[in-house]
Structure formats: structure tokens, C-alpha cells
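By convention in this document, chain letters (A, B, ...) are assigned in the order of the sequence lines, proteins followed by strands, and residues within each chain are numbered from 1.
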Protein chains: 2
Amino acid sequence: MNAEFTKFQGYLRSHGLKMTRARELVFREILSTPGIHPNADEIRRRLRAKKKEIGLATIYRTLNLLVRSGLVTAVDLGEGHSHFEPDWNETAHGHLICLSCGRVQEFAQAGIREAIHRIGEEKGYRLDKFSLQVFGFCRDCETNRG
Amino acid sequence: MNAEFTKFQGYLRSHGLKMTRARELVFREILSTPGIHPNADEIRRRLRAKKKEIGLATIYRTLNLLVRSGLVTAVDLGEGHSHFEPDWNETAHGHLICLSCGRVQEFAQAGIREAIHRIGEEKGYRLDKFSLQVFGFCRDCETNRG
DNA sequence: TTTAATGCAAACATTTTGCACCCTG
DNA sequence: CAGGGTGCAAAATGTTTGCATTAAA
């Protein structure tokens with residue numbers, strides 16, 4: 001986790017950018033909430049709760065920077081805005097989203113990675129990334145409301 | 001294709017809703033552009049080009065209705081707005097998107113469907129739908145610009 | 001001390017909504 | 001002719017940008 005932070009410093013240095021208080025806070029917040037998938041506003045609220053006030057515009061700028069650097073991934077959970085998670089890419093995964101309570105669960109995609117690679121070769125694409133969301137109803141919601 | 005239209009009529013009737021000029025035009029436009037994945041504004045422009053003026057608000061309302069009915073699917077191609085395609089679900093598919101030219105190609109997901117169903121069972125979810133986008137660089141873009 | 005980063009407010013883009021009028025069933 | 005549908009304009013979201021000020025390096 002701290003290795004990730006070092007990568008961020010390396011990225012900034014190699015691009016002539018600066019490590020700032022806001023960037024550190026935002027990135028650490030994402031690193032420390034891997035299962036939460038916060039959106040921009042939630043990141044601001046979480047930091048505010050710790051008495052760390054960061055402007056929303058700065059949060060958006062930092063998020064874009066982190067995504068560009070490859071250290072963070074933007075996820076679309078079907079809510080009309082982006083959610084963010086750390087991208088330690090050893091653990092590429094899809095998201096299983098409950099349509100009733102909104103719970104988000106991650107899963108490793110056994111076999112899916114390979115299937116997608118096969119498709120890339122077939123169609124002549126050099127693949128970069130993929131995004132897989134699965135929607136359904138979790139056991140609790142099925143039990144509680146038929 | 002006309003069977004789809006009949007389904008739409010059935011859906012409307014069974015929900016106490018009315019078939020209108022706007023609804024017919026929007027749905028037929030989507031049915032007739034399966035590979036295009038238009039967004040709301042593009043649907044309006046295409047209809048306008050045929051001298052069929054429909055208000056954008058009505059187009060959005062109709063799109064939501066069509067998605068609710070299950071006859072149309074909203075697709076996120078990473079452009080910050082939704083694209084729409086007919087959902088003749090025999091041909092469930094993923095989207096292969098070129099990060100350079102934006103070309104969108106569809107592919108059948110051999111084996112992926114099954115892998116996802118296995119995950120649903122494992123995690124105790126009753127699955128509803130899934131969405132798979134793969135990003136990369138198409139052969140033309142790779143050839144033309146290294 | 002130089003150059004980039006921040007915060008704020010304004011601008012943008014997409015989508016939704018309130019309301020008076022219109023049309024389908 | 002009753003109840004849903006439409007268009008328009010306004011509002012609601014989510015995100016980006018211009019600019020004067022602040023802070024890394």
C-alpha cells in the first residue's frame with residue numbers, strides 16, 4: 001500500500017508534477033477504502049470528517065490524474081457518476097451489484113480474462129483494459145422481500 | 001424487428017400506457033440502427049434529418065420507458081453519456097471499443113455467460129443482467145500510428 | 001523564485017421535472 | 001372526454017474550467 005504511494009511519487013516526478021497535501025490525502029483515502037468504491041463527493045465528505053477540507057474541483061482533478069497514471073480505476077456502478085478504487089492490477093476483478101440494496105461485491109473472473117484475450121486476438125485489437133459489471137439481487141434482499 | 005414493435009405495443013397496453021407518434025419513432029430508430037449505438041441527442045438528430053421533430057425530454061422519457069420494458073439496453077461506452085441499442089436478447093454481447101478512433105464492435109461472449117452464472121451461484125445472487133466493455137486499439141489505429 | 005496546484009465560482013453536459021396544452025384510446 | 005403524453009423551460013446532477021492566490025521544489 002505504501003509501495004503504491006511511492007509509485008505515485010514516481011509518476012509525479014517523472015511528469016514534472018508536484019506532490020501536494022491534497023493529492024496525498026485523496027490518494028491515501030482511496031487506498032484505505034478498497035471495498036467502498038467512493039465517488040468524488042464521498043471522498044470529500046470522508047476527508048471533511050477527518051477535518052481535511054479539500055475543494056471538490058481539486059478532488060476531481062486529482063482523480064483524473066490518478067486514473068491517467070494507472071494507479072486508480074474509475075468504475076461505473078450504474079448510478080450516473082463514477083466510483084473509484086485502487087488499481088493494484090494483480091487483482092483485476094468485476095463488480096457484482098445488488099439492484100435492490102446497492103451492495104457492491106467484487107469477484108475474480110476465473111476464465112473470463114482468457115476469454116476476453118481470445119476475443120482481442122480474434123478481432124485484431126491490442127487490449128488495454130476491460131470493465132465487467134454484473135447486476136442482480138443479493139441473498140439478503142431475496143430473502144427479506146421475496 | 002416488427003415482432004419487437006408488437007412487444008412494445010403489448011408492454012404499453014399491459015401497463016395502461018399509450019402508443020404515440022414519438023414512442024413509435026424513437027423505438028423504430030433504435031431498431032433500425034443496431035450497430036450505431038446512438039445516444040439521446042443522436043436519436044433526435046437522426047429523426048430531425050427525416051423531418052420528424054421530437055423534443056429531447058420526450059426522447060429521454062421514451063428511452064427510460066424502453067429500458068424499463070426490457071426492449072432496449074443502455075450501454076456505457078466511456079463517453080460520459082448513455083448509448084442505446086435494441087435488446088433482442090438472443091444475441092447478448094459485449095462491446096469492444098477502440099480507445100483511439102472510438103469504433104465500437106460487438107462480440108458474442110463464448111464461455112463468459114457461463115462463467116458469470118457460476119459466479120452468481122457462488123455468491124448467492126439471482127442475476128439480472130451484466131455489462132462487459134473491453135477497451136483497446138483496433139488494427140487500423142495500430143497500423144496507422146504505430 | 002519559478003512553476004504548478006488550489007479554491008471558488010462560473011460554465012458545461014447530460015438528464016430529469018413542472019406545467020400548460022395536446023392527443024390516444 | 002379522461003388520463004396519459006408532449007414540448008418547453010427550468011432545475012438537478014456530475015464534472016470541468018478560468019482566474020487570482022498559494023505553495024511545492
Side-chain angles (χ1 to χ4, degrees), chain A residues 5-6 8-30 37-48 51-69 72-84 102, chain B residues 5-6 8-30 37-48 51-69 72-84 102:
Chain A
F5 192 74
T6 307
F8 188 26
Q9 292 180 309
Y11 177 87
L12 293 174
R13 208 168 300 131
S14 69
H15 288 253
L17 305 175
K18 295 170 180 173
M19 175 58 82
T20 63
R21 174 187 131 91
R23 286 178 179 164
E24 168 154 9
L25 285 170
V26 170
F27 188 38
R28 288 208 188 281
E29 190 58 34
I30 293 174
H37 308 98
N39 61 20
D41 198 61
E42 197 163 334
I43 291 170
R44 192 194 48 173
R45 287 200 311 274
R46 284 174 168 270
L47 290 174
R48 172 173 294 166
K51 304 274 186 263
K52 312 289 185 187
E53 198 65 38
I54 305 289
L56 196 50
T58 299
I59 291 181
Y60 274 110
R61 277 184 286 232
T62 303
L63 289 170
N64 290 340
L65 175 64
L66 286 165
V67 169
R68 255 178 276 135
S69 79
V72 163
T73 299
V75 188
D76 175 13
L77 301 177
E79 293 184 12
H81 54 243
S82 294
H83 294 248
F84 299 87
Chain B
F5 193 73
T6 307
F8 188 26
Q9 293 180 309
Y11 178 86
L12 293 174
R13 209 168 299 130
S14 70
H15 288 252
L17 305 174
K18 296 170 180 173
M19 174 57 81
T20 62
R21 175 186 129 92
R23 288 178 177 165
E24 168 155 8
L25 285 170
V26 170
F27 188 37
R28 287 206 188 282
E29 191 58 35
I30 293 174
H37 308 98
N39 61 18
D41 198 62
E42 196 163 334
I43 291 170
R44 192 194 50 174
R45 289 201 308 274
R46 284 173 168 268
L47 290 174
R48 173 174 291 165
K51 303 275 185 264
K52 313 287 184 186
E53 198 65 39
I54 306 288
L56 196 50
T58 298
I59 291 180
Y60 275 109
R61 278 184 286 233
T62 303
L63 289 170
N64 289 340
L65 175 63
L66 286 166
V67 169
R68 256 178 274 136
S69 79
V72 162
T73 298
V75 189
D76 175 12
L77 301 177
E79 293 184 13
H81 53 243
S82 294
H83 294 248
F84 298 87

[X] [atom1] to [N] [atom2], straight-line distance once rounded to whole Å:
X: B:Asn39; N: C:dT16; atom1: CG; atom2: C1'; value: 16 Å
X: B:Leu56; N: C:dT17; atom1: CG; atom2: P; value: 14 Å
X: B:Lys18; N: D:dA2; atom1: NZ; atom2: P; value: 12 Å
X: B:Leu47; N: D:dG7; atom1: CG; atom2: P; value: 11 Å
X: B:Lys52; N: D:dG7; atom1: NZ; atom2: C1'; value: 18 Å
X: A:His81; N: D:dT13; atom1: NE2; atom2: P; value: 12 Å
X: A:Asp41; N: D:dG14; atom1: CG; atom2: P; value: 8 Å
X: B:Arg21; N: C:dC23; atom1: CZ; atom2: C1'; value: 12 Å

Main-chain N/O of A:Lys18 paired to A:Arg23 side chain as donor or acceptor, under 3.5 Å:
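Present.
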If you apply the rule side chain to side chain contact (heavy atoms under 4.5 Å, CB included), what do you find for B:Leu77 with B:Asn39, and how did you get there?
CA-CA 10 Å; B:Leu77 301 177; B:Asn39 61 18; over 6 Å; no
Once salt bridge (charged side-chain N to carboxylate O under 4.0 Å, His left out) is applied, do any residues pair with A:Arg48, and if so which ones, sequence neighbours excluded?
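Counting only residues at least two positions away or on another chain, A:Arg48 forms a salt bridge (charged side-chain N to carboxylate O under 4.0 Å, His left out) with A:Glu53.
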If you take all heavy atoms of A:Ala40 and A:Ile59, which pair is closest and at what distance?
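Looks like O-CG2, 3.9 Å.
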Compare side-chain N and O positions of A:Thr20 against OP1 and OP2 of C:dA4 and report whether any pair is under 4.0 Å apart.
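Negative; the distance criterion is not met.
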Could you please spell out the steps behind the side chain to side chain contact (heavy atoms under 4.5 Å, CB included) verdict for A:Leu65 and A:Val72?
CA-CA 9 Å; A:Leu65 175 64; A:Val72 163; over 6 Å; no
Residue pair A:Leu63, A:Ile30: steps toward the side chain to side chain contact (heavy atoms under 4.5 Å, CB included) verdict:
CA-CA 10 Å; A:Leu63 289 170; A:Ile30 293 174; 3.5 Å; yes
Quick check: on DNA chain D, is the nucleotide nearest B:Glu53 upstream (toward 5') of the one nearest B:Gly16, or the reverse? Name the residue that is more 5'.
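On the 5' side of the pair lies B:Gly16.
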Tell me which residues in residues 73-80 of chain B put a heavy atom below 4.0 Å from DNA chain C, sorted by number, or none.
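The stretch gives B:Gly80 as the residues lying under 4.0 Å from the strand, ordered by number.
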Give, ordered by number, those residues of residues 57-68 of chain B having at least one heavy-atom distance below 4.0 Å to an atom of DNA chain D; if nothing qualifies, reply none.
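Heavy-atom contacts with DNA chain D come from B:Ala57, B:Thr58, B:Arg61.
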Please state whether the rings of A:Phe5 and A:Phe8 are parallel, tilted or perpendicular, taking 30° and 60° as the class boundaries.
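Geometry flag for A:Phe8 against A:Phe5: perpendicular rings.
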Roughly how far, to the nearest 0.5 Å, is CZ of B:Phe27 from CE of B:Met19?
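Nearest 0.5 Å value for the CE-CZ distance: 8.0 Å.
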Evaluate side chain to side chain contact (heavy atoms under 4.5 Å, CB included) for B:Asp41 paired with B:Arg44, printing each intermediate quantity in order.
CA-CA 5 Å; B:Asp41 198 62; B:Arg44 192 194 50 174; 2.8 Å; yes
Nearest listed nucleotide, side chain of A:Ser82, among C:dT6, D:dT15, C:dG25
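Of the options given, the side chain of A:Ser82 lies nearest D:dT15.
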So which nucleotide from D:dT15, D:dG7, D:dG4 ends up closest to the side chain of B:Ile54?
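Looking only at side-chain atoms, B:Ile54 lies closest to D:dG7.
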